[in-house]
Amino acid sequence: IPGVGRKTAERLIVDLREKMTALAASQVAEEPGVARDASLPSSNDDVRAQALSGLINLGYQRSAAEKAIDSVLHEDGEVTVESVLRRGLRKLARL
C-alpha cells in the first residue's frame, strides 16, 4: 500500500492485536456456561477470518488476501492470528 511502510504496518498489527484480545475477552464473558481457556489456540476458521479481516482493513483486496492466508495456513508453522497475519503480509509484499 503506498504510504504504509514497515513501521506503520507493525503499529497497525499491534493495535489490531489489542482490539482483538479485548473483543475475544468480551465475547467469552457474554457466553454463559461456556468455559474457555485463552491459552488454547483458536480453530483455523477463526484464525483465517480474523487474519483476513486484518488484511482487508489494511487495504488489500479480498481475493489477494484470501490467497495469501490460505497459502499460509497450508504451510507448517504456528497457527495464531498474529503469525498468520505476519506471514500473510510477507507473502503479499512479495507480489
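Hydrophobic side-chain contacts under 4.5 Å tie Leu52 into a cluster, directly or through other members, with Ile56.
In terms of heavy-atom proximity, Glu66 sits nearest to Arg48 at CG-NH2, 3.7 Å. Counting all heavy atoms, side chain and backbone alike, Ala68 lies closest to Gly88 at CB-O, 4.0 Å. Val84 and Ala51 make their closest contact through CG1-CB, 3.8 Å (heavy atoms, listed as atom of the first residue, atom of the second, distance).
When side chains are defined from C-beta on, Arg90 counts as touching Arg86, because their heavy atoms get closer than 4.5 Å. The shortest side-chain heavy-atom distance between Leu89 and Leu58 falls under the 4.5 Å cut-off.
Here the NZ atom belonging to Lys67 is positioned 13.5 Å from the NZ atom belonging to Lys91, to the nearest 0.5 angstrom. Distance check, rounded to the nearest 0.5 Å: CD of Gln50 to CG of Leu85 gives 10.0 Å.
Under the 4.5 Å side-chain contact rule for hydrophobic residues, Leu16 and Leu92 do not share a cluster.
Looking at residues two or more places apart in sequence or on another chain, you find a salt bridge (charged side-chain N to carboxylate O under 4.0 Å, His left out) between Glu10 and Arg6.
Within the structure, salt bridge (Lys or Arg N to Asp or Glu O under 4.0 Å) pairs that include any residue of residues 49-61 do not occur (at least two apart or interchain).
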